[in-house]
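Just so it is clear, the structure is predicted and the values come from calculations on it, not from any experiment. All chains are named by letter (A, B, ...) in the order of the sequence lines, taking the proteins before the strands, and each is independently numbered beginning at 1.
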Amino acid sequence: MLDIKFVRENQDAVREAMENRNASWDAARFSELDESRREAIQQEEALQAERNTLSKEIGKMMGAGQKDEAEAVKERVRAINDELSGVSARREAVDGELRAMLMSVPNMPDATTPVGADENDNPEVRRWGTPRDFAAEGFEPKAHWDLGPELDIIDFDRGVKLAESRFYVLGGLGARLERALISFMLDQHVARGYKEWWVPALANAATLTGTAQLPKFEGDLFKTTGGLYLIPTAEVQLTNLHAGEVLDASQLPLKYCAFTPCFREEAGSAGRDTRGIIRVHQFSKVEMVKYATPETGFAELEAMVEDAENILQKLELPYRVISLCTGDIGFSSAKTYDLEVWLPCYNDYKEISSCSCCTDFQARRANIKYRDPDSFKGSRYLYTLNGSGLAVGRTMAAVIENYQQPDGTIRVPDALVPYMGGVTVIEPEAVVTA
RNA sequence: GGAGGUAUGGCCGAGUGGUUGAAGGCGGCAGUCUUGAAAACUGUUAGGCCGCAAGGUCUCGUGGGUUCAAAUCCUACUACCUCCGCCA
């Protein structure tokens, strides 16, 4: 949520930001609501003040035995209360509409976020590694949706049987590879100063509102009959861990990571990425979240991207970093870098991580503040950041495709061998020795 | 699932329907004393919103209700605790 005072005092900047984001913004309606809200508050509080004063007088009169005088004043207060209920109702209505309006407005893009209309305007920041030249090696690379079933490590049909379309099953070394990737990623992040967490896979509406999946994107979420939601990312839980808290500046930055399953309806993506394990209803992800001061927030974003890159580098997977433009960054984000891994089946780079600095946008929603007595009085909203480190399913697809061999087997990246029980090649005869 | 109990400020804990935003203690901060520290003593110590300000208003788990007036009464919900039952 944007700061209402900021919106009031920076109307031109907000208008421009929302244009750059392709987000609708009714500046006139905002001003109208903002003004009538403040007016209604003043009316309401004036009436409350009068009521409070008279009530105290009644108390004194009762103590002094002036029953009749007190009764007269009571009558006046009743009249005030009648008027007050109307004023309060109006204030609540205006307040609710204004709040709903602010809750549906995305974050202000940072000044360094490139201006652009859509994903085609995302500038590339850097590349790492070189995609394999399969032609030079003399064979046509297969897609993971072919290699997986052939090696009996991914089973799409049974996933559909057990659940529905866009679910899959991993078996044998496929399941082992999933577990290896999760452990490897967590170990890497923990070694780089992140605290590991284990969190619920379900969250309530308040939690989802804190990170802004709600109210606007409810359709993207799976919901239980009890009113809980399946989390679409551990960002939700890690960012809300400190909801309603005031942290001490000396604690910051906090660096958290967690593995969780992630659940997405993918309601609006019918027909996109229908093959393989790229876009599915349930996938594993290791997530990184940071709580930082405004002063260090964007430097922490750069460091977080490097932490995500570290995984790809250790796995020796070619990737590139792109900076999302204003038209493509997420709702909560002020600045986002995406990591895109090389996938031979697409003959292109495909998103595998998204790292964002959400400034104080989520902190204001989730009410997360920090104190720094040496720098300022009271408390202020801190900055939250989140990034994938990485999406496990897509990493598995990248490993399978980039490490495939002419005979249809898959070499295990060196970094994963210790996590794969000593297996160096995924093949039907592979033997796990550890 | 059944029965009972509890919910107050950073923490502990008092609170009779009426200057109670809330006693007291601990902790924190500032000071006195001291060469310094400790101890002792003194003072101070929630937040949101509206307002240029003065000031006002709201907040005692959450939401309703009663009343001129609610931390205090009623009610629903939520969380926690105890006992019983069941269970990875």
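- Annotation: C83(B) and C58(B) have their P atoms spaced 43 Å apart (nearest Å).
- If you check C29(B) for Watson-Crick or wobble pairing at under 3.5 angstrom, you find it paired to G43(B).
- Rounded to a whole angstrom, the distance from the P atom of A69(B) to that of C84(B) is 47 Å.
- As judged by a 4.0 angstrom heavy-atom cut-off over every strand, R76(A) is placed among residues making no nucleic acid contact.
- Comparing the same atom, C1', in C12(B) and in C86(B) gives a spacing of 37 Å after rounding to whole Å.
- Between the side chain of R21(A) and the backbone N or O of P106(A) there is no donor-acceptor pair closer than 3.5 Å.
- Checked by atom type, the side-chain pair D187(A)/Y419(A) shows a donor-acceptor distance below 3.5 Å.
- Across all strands shown, C73(B) pairs with G65(B); the Watson-Crick or G-U wobble distances both stay below 3.5 Å.
- Within the structure, no pair that satisfies the ring pair (Phe, Tyr, Trp, His ring centres under 6.0 Å) test touches residues 52-91 of chain A, not counting sequence neighbours.
- Nearest heavy-atom pair across I329(A) and P109(A) is CD1-CB, 4.0 Å.
- Partner H144(A) forms a side chain to side chain donor-acceptor pair (under 3.5 Å) with one of E401(A), R275(A), R394(A) and no other, that one being E401(A).
- Residue L54(A) is out of contact with every strand shown, counting any heavy-atom pair closer than 4.0 Å.
- Taking atom P on both G61(B) and G15(B), the two are 15 Å apart, rounded to the nearest angstrom.
- On the P atoms, C77(B) is 34 Å away from A23(B), given to the nearest whole Å.
- The side-chain hydrogen bond (donor to acceptor under 3.5 Å, both in side chains) search around T296(A) returns T293(A), not counting sequence neighbours.
- Summarising the base pairing, U57(B) is matched to G48(B) through a Watson-Crick or G-U wobble pair whose two defining distances lie under 3.5 Å.
- Comparing the same atom, P, in U75(B) and in U20(B) gives a spacing of 29 Å after rounding to whole Å.
- Taking atom P in both C60(B) and A7(B), the straight-line distance is 14 Å, to the nearest Å.
- Near RNA chain B, meaning a heavy atom under 4.0 Å away, there are no residues from residues 83-94 of chain A.
- If you take atom P in A37(B) and the same atom in C29(B), they sit 14 Å apart, rounded to whole Å.
- The span of RNA chain B lying next to chain A, judged by atoms under 4.0 Å from heavy atoms, is bounded 5' to 3' by G18(B) to A69(B).
- Between Y370(A) and H242(A), the side chains place no donor N or O within less than 3.5 Å of an acceptor N or O (distance only, hydrogens not considered).
- Side-chain polar atoms of Q362(A) and T384(A) form a donor-acceptor pair below 3.5 angstrom.
- When each of E45(A) and S379(A) is assigned the nucleotide of RNA chain B with its nearest heavy atom, S379(A) is the one assigned upstream, toward the 5' end.
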Validation: residues 197-209 of chain A side-chain donor-acceptor distances under 3.5 Å, sequence neighbours left out:
unit_1: N204(A); atom_1: OD1; unit_2: A206(A); atom_2: N; d: 3.2
unit_1: N204(A); atom_1: OD1; unit_2: T207(A); atom_2: N; d: 2.9
unit_1: N204(A); atom_1: OD1; unit_2: T207(A); atom_2: OG1; d: 2.9
unit_1: T209(A); atom_1: OG1; unit_2: A205(A); atom_2: O; d: 2.6

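- Mapped onto RNA chain B by nearest heavy atom, K369(A) and A46(A) fall at different nucleotides, with K369(A) at the one closer to the 5' end.
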Hey, can you pull the donor-acceptor pairs under 3.5 Å for the side chains in residues 297-308 of chain A, sequence neighbours left out?
unit_1: E300(A); atom_1: OE1; unit_2: K290(A); atom_2: NZ; d: 2.7
unit_1: E302(A); atom_1: OE2; unit_2: Y337(A); atom_2: OH; d: 2.7
unit_1: D307(A); atom_1: OD1; unit_2: R192(A); atom_2: NE; d: 2.7
unit_1: D307(A); atom_1: OD1; unit_2: R192(A); atom_2: NH2; d: 3.1
unit_1: D307(A); atom_1: OD2; unit_2: Y194(A); atom_2: OH; d: 2.6

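- Base pairing of G17(B) is not made with any nucleotide, judged by Watson-Crick or G-U wobble geometry with both donor-acceptor distances under 3.5 Å.
- A 3.5 Å limit on both hydrogen-bonding distances identifies U6(B) as the Watson-Crick or G-U partner of A79(B).
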